[in-house]
**Student:** 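I have a structure I would like to understand better, so I am pasting it below and will then ask my questions one at a time.
Whatever order the structure lists them in is the order used to number ligands and atoms, beginning at 1.
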Amino acid sequence: MHVAVYPGSFDPLTNGHLDIIRRGAHLFDRLIVAILENEGKSPLFTVAERKGLIAACVKGIPGVEVQSFSGLLVDFMEHFRATVVVRGIRAVSDYEYELQMALMNRELNPGVETIFMLPAVEYTYVSSRLIKEVFRLGGDITRLVPPQVLESLKARLPVAAR
Ligand code: PNS
């Protein structure tokens with residue numbers, strides 16, 4: 001049984017994340033989407049809201065589930081007997097940060113492997129940060145996020161506040 005974890009902030013989930021989840025689900029028996037509980041980042045959506053949104057979006061993808069965690073990723077992984085970290089890499093600029101995290105996780109637990117996956121080309125420039133910025137400024141992000149996320153963004157950032 002191969003258990004993998006796909007960790008991140010997911011504030012909010014984008015179609016790029018969803019693409020990686022779909023690809024990861026093909027490779028592992030169980031893929032746990034793990035939301036970092038980090039209020040320090042002043043997230044737009046609470047962890048519970050993000051959990052609900054992701055759960056709705058991954059419904060029907062076999063082997064995928066959603067959890068949240070605080071503390072070290074390697075400790076969370078040990079609890080779920082997960083041995084693989086899945087991370088999406090969009091551009092070369094992502095690599096340096098990802099390399100540091102992967103090697104730190106390996107230092108903390110040599111049994112943990114990180115695999116980097118490429119999202120579909122049409123999502124290579126999509127990030128949660130840009131999604132929020134463009135949405136706030138009135139840009140059309142319909143193609144870039146799941147419909148549930150779009151609805152939640154509309155509810156959270158109503159037109160008057162934009
Ligand atoms: O989507 P993000 O914000 O780039 O995800 C970063 C995340 C959640 C993968 C990373 O911050 C993380 O794993 N944090 C948990 C704390 C930890 O284990 N740190 C040491 C290893 S880098």
Side-chain angles (χ1 to χ4, degrees), residues 2-25 27-28 30-58 61 63-120 122-136 141 144-146 148-150 152-153 156-157:
H2 288 111
V3 184
V5 168
Y6 179 37
S9 304
F10 305 109
D11 186 44
L13 183 82
T14 68
N15 280 346
H17 293 131
L18 201 50
D19 183 76
I20 296 290
I21 292 170
R22 288 208 177 92
R23 289 171 198 278
L27 299 180
F28 302 99
R30 192 176 172 199
L31 179 69
I32 303 170
V33 180
I35 307 165
L36 178 66
E37 294 170 13
N38 182 0
E39 297 307 320
K41 270 193 169 181
S42 313
L44 181 62
F45 295 104
T46 66
V47 170
E49 287 170 333
R50 281 177 271 164
K51 208 170 170 180
L53 272 175
I54 299 173
C57 297
V58 303
I61 308 178
V64 178
E65 66 191 85
V66 192
Q67 302 281 350
S68 60
F69 76 104
S70 56
L72 286 176
L73 178 63
V74 290
D75 291 341
F76 172 84
M77 292 179 67
E78 202 176 324
H79 180 78
F80 285 93
R81 297 182 189 280
T83 52
V84 176
V85 181
V86 169
R87 290 285 287 173
I89 287 220
R90 294 161 299 193
V92 177
S93 50
D94 282 338
Y95 180 73
E96 208 167 326
Y97 170 56
E98 295 298 333
L99 177 75
Q100 283 182 353
M101 285 203 294
L103 293 178
M104 182 56 83
N105 284 328
R106 181 182 284 171
E107 167 71 21
L108 296 171
N109 183 346
V112 162
E113 285 298 342
T114 299
I115 68 161
F116 297 123
M117 300 190 68
L118 306 180
E122 64 257 41
Y123 303 130
T124 42
Y125 59 91
V126 177
S127 70
S128 298
R129 185 182 63 78
L130 273 186
I131 287 292
K132 285 180 282 192
E133 180 177 319
V134 171
F135 184 81
R136 271 195 190 102
I141 51 152
L144 308 177
V145 294
Q148 297 94 327
V149 170
L150 186 61
S152 299
L153 280 167
R156 183 54 45 94
L157 298 173

**Student:** Could you list which atoms of ligand 1 come closer than 4.0 Å to a heavy atom of Tyr97?
**Tutor:** 4 (O), 6 (C)
**Student:** Measuring from atom 14 (N) of ligand 1, which candidate in Leu36, Leu103, Thr114, Val5 has the nearest non-hydrogen atom?
**Tutor:** Leu36
**Student:** Show the atoms of ligand 1 that are less than 4.0 angstrom away from any heavy atom in Leu73.
**Tutor:** 13 (O), 17 (C), 18 (O)
**Student:** Tell me the protein heavy atom at minimum distance from atom 19 (N) of ligand 1, and give that distance in Å.
**Tutor:** Leu72 CD2, 4.0 Å
**Student:** Charged N to carboxylate O under 4.0 angstrom, Asp11 versus Arg129?
**Tutor:** no
**Student:** Does ligand 1 have any atom that is closer than 4.0 Å to a heavy atom of Ser128?
**Tutor:** no
**Student:** Please work out whether any backbone atom (N, CA, C, O) or any side-chain heavy atom from C-beta onward of Asn38 is under 4.0 Å from ligand 1, and answer side chain, backbone, both or neither.
**Tutor:** neither
**Student:** Quick one: look up the protein heavy atom nearest atom 21 (C) of ligand 1 and list residue, atom name and how far away it is.
**Tutor:** Asn105 OD1, 3.2 Å
**Student:** Any idea which of Glu37, Met101, Arg87 brings a heavy atom closest to atom 5 (O) of ligand 1?
**Tutor:** Arg87
**Student:** Is there a heavy atom in Phe69 that sits closer than 4.0 Å to ligand 1?
**Tutor:** yes
**Student:** Around atom 16 (C) of ligand 1, find the nearest protein heavy atom and jot down its residue, atom name and distance.
**Tutor:** Gly71 O, 3.4 Å
**Student:** Among all protein heavy atoms in this structure, tell me which lies nearest to atom 3 (O) of ligand 1, with the distance rounded to 0.1 Å.
**Tutor:** Ser9 OG, 2.6 Å
